[in-house]
Amino acid sequence: KNLEETACDALIDQLFVAGERPWKEREFPHVAHYLKASEGPLRLIAEGSRLPQRYLPRVGRSPESHFTDTLVNHIGEMRDATRALAARAMLQIGKRDHAAAWRDAHSIHLIANQLYGGPEIDHFVGIGVDSLAWQIDTELLRDPALDRKLARAILDDVTNFPFHADSMLQAISYQRLVALDAVCVVSRTIPEALAVMMHPPDFAKLLDDELTPLPRRENAALKKLRHWQRERLVAITHERCDWNVPLRELNTAFDKLEV
């Protein structure tokens, strides 16, 4: 709670890594201590995952909170909670406590299922959360020490989880539009940004300050030259950049994702 900000960042980074593969306490002692101290909250999260629906009022954290903040705050908290569960599950696999690891993986699957019932951004986060659980499932099932009875129970349980193909396609379509829109914005703004970097907006004021002794007509000529250089830079950038290439490559990548 009282860790320095850099230590908190390091702990978060280790928590991410710990949720990706089986590990031992000696590898990430701070993560192990954090998980031990968080047993109470994690137990409540696991209990909440088994409820048929979720209710998280979208309330801003302060009077100055933006509406968009209220849309994503609760999603980030759910995602962070599942990362803690994933790290604990991978630790349990490292200890060969496969039953405990599966209980955490099962909770993550259920949380993902709740997210799929929300709007588009929830669907996208749900896919990421579900992928954490699938990674745990994979590590469990590839462990030769896994009890055959538990392996069969895991397979039966996993095959009964609903496959949210529509949600996944919605999330992919949403990300496709965001990516394509970003390229279009960049194509319009980069030339202007380059021009501004080469000729700051207050360049005219600098000219006035530095060139006051010079005749006014020469000052005006320099301003005209600056304007011509700016327009030429924008034109050259548009002419020499084929923005259809990144648009085409993005569409190809998202087509593969949908397939």
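Atoms considered below: every heavy atom in the structure, side chains included; atoms not considered: hydrogens, waters and symmetry mates. Sequential numbering from 1 along the given sequence is applied to the chain's residues.
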Student: Atom CG of L11 and atom CZ of F28: how far apart are they, to the nearest 0.5 Å?
Tutor: 11.0 Å
Student: Over all heavy atoms of both residues, which pair between A84 and L15 is shortest? Give the atoms and the distance, please.
Tutor: CA-CD1, 4.3 Å
Student: Quick one: does V158's side chain get under 4.5 Å of W134's, heavy atoms only?
Tutor: yes
Student: Linking I/L/V/M/F/W/Y whenever any side-chain heavy atoms sit under 4.5 Å apart, do Y34 and I12 land together?
Tutor: no
Student: Would you please indicate if the ring centroids of H106 and W102 are separated by under 6.0 Å?
Tutor: yes
Student: Taking the side chain as everything from C-beta on, heavy atoms only, tell me whether M78 gets closer than 4.5 Å to I111.
Tutor: yes
Student: If only atom types and distance count, is the side chain of S38 paired as donor or acceptor with the main-chain N or O of L35 below 3.5 Å?
Tutor: no
Student: Quick one: CG on D97 to CG on L91, what's the gap to the nearest 0.5 Å?
Tutor: 9.5 Å
Student: Using a 3.5 Å distance criterion without hydrogens, assess whether the side chain of N160 forms a donor-acceptor pair with backbone atoms of D156.
Tutor: yes
Student: How close do G126 and A112 get, heavy atom to heavy atom, and via which atoms?
Tutor: O-CB, 3.6 Å
Student: Taking it one step at a time, do H98 and D147 satisfy side-chain hydrogen bond (donor to acceptor under 3.5 Å, both in side chains)?
Tutor: CA-CA 8 Å; H98 299 126; D147 178 74; over 6 Å; no
Student: Does either side chain, that of H109 or that of D137, offer a donor lying less than 3.5 Å from an acceptor on the other one?
Tutor: yes
Student: How far apart are the closest heavy atoms of Q114 and G48, and which atoms are they?
Tutor: NE2-O, 3.3 Å
Student: L141 and I136: same hydrophobic cluster, using ILVMFWY side-chain contacts below 4.5 Å?
Tutor: yes
Student: Is there side-chain contact between H33 and E25, with heavy atoms separated by less than 4.5 Å?
Tutor: no
Student: Look at the side-chain heavy atoms of Ile, Leu, Val, Met, Phe, Trp and Tyr, link any pair under 4.5 Å apart, and say whether L115 and L44 land in one connected group.
Tutor: no
Student: Quick one: are Y116 and D130 in side-chain contact, heavy atoms under 4.5 Å?
Tutor: yes
Student: Are F16 and V31 connected into the same hydrophobic cluster when the rule is that any two of I, L, V, M, F, W, Y join if their side-chain heavy atoms are below 4.5 Å apart?
Tutor: no
Student: Whether R83 and E20 form a salt bridge (side-chain N of Lys/Arg under 4.0 Å from carboxylate O of Asp/Glu) is what I want to check.
Tutor: no
Student: Please round to the nearest 0.5 Å and tell me the distance separating atom CD1 of I127 and atom CD of Q175.
Tutor: 9.0 Å
Student: I'd like to know if the side chain of E139 reaches the main chain of A89, judged simply by a donor and an acceptor atom lying under 3.5 Å from each other, with no hydrogens or angles considered.
Tutor: no
Student: Identify the heavy atoms of L150 and A99 that sit nearest to each other, and give their distance.
Tutor: CD2-N, 3.7 Å
Student: Show every salt bridge (Lys or Arg N to Asp or Glu O under 4.0 Å) that has at least one partner inside residues 102-111, sequence neighbours left out.
Tutor: R88-D104
Student: To the nearest 0.5 Å, how far apart are CG in D143 and CD1 in I93?
Tutor: 7.5 Å
Student: Please, which pairs that meet salt bridge (Lys or Arg N to Asp or Glu O under 4.0 Å) have at least one residue in residues 39-51, sequence neighbours excluded?
Tutor: K36-E39
Student: Just do the side chain to side chain contact (heavy atoms under 4.5 Å, CB included) check on L146 and R96 with the steps written out, would you?
Tutor: CA-CA 8 Å; L146 180 65; R96 296 294 174 87; over 6 Å; no
Student: Under 4.5 Å between side-chain heavy atoms, counting indirect links through other Ile/Leu/Val/Met/Phe/Trp/Tyr residues: same cluster for W243 and L250 or not?
Tutor: yes
Student: Ignoring hydrogens and angles, tell me if any N or O in the side chain of K24 forms a donor-acceptor pair with the backbone of G94 under 3.5 Å.
Tutor: yes
Student: Considering all heavy atoms of both residues, which atom of W23 and which atom of E27 are nearest to each other, and what is their separation?
Tutor: CA-OE2, 3.2 Å
Student: Checking side-chain contact (heavy atoms from CB on, under 4.5 Å) against I108, which of I45, N113, T82 comes through?
Tutor: T82
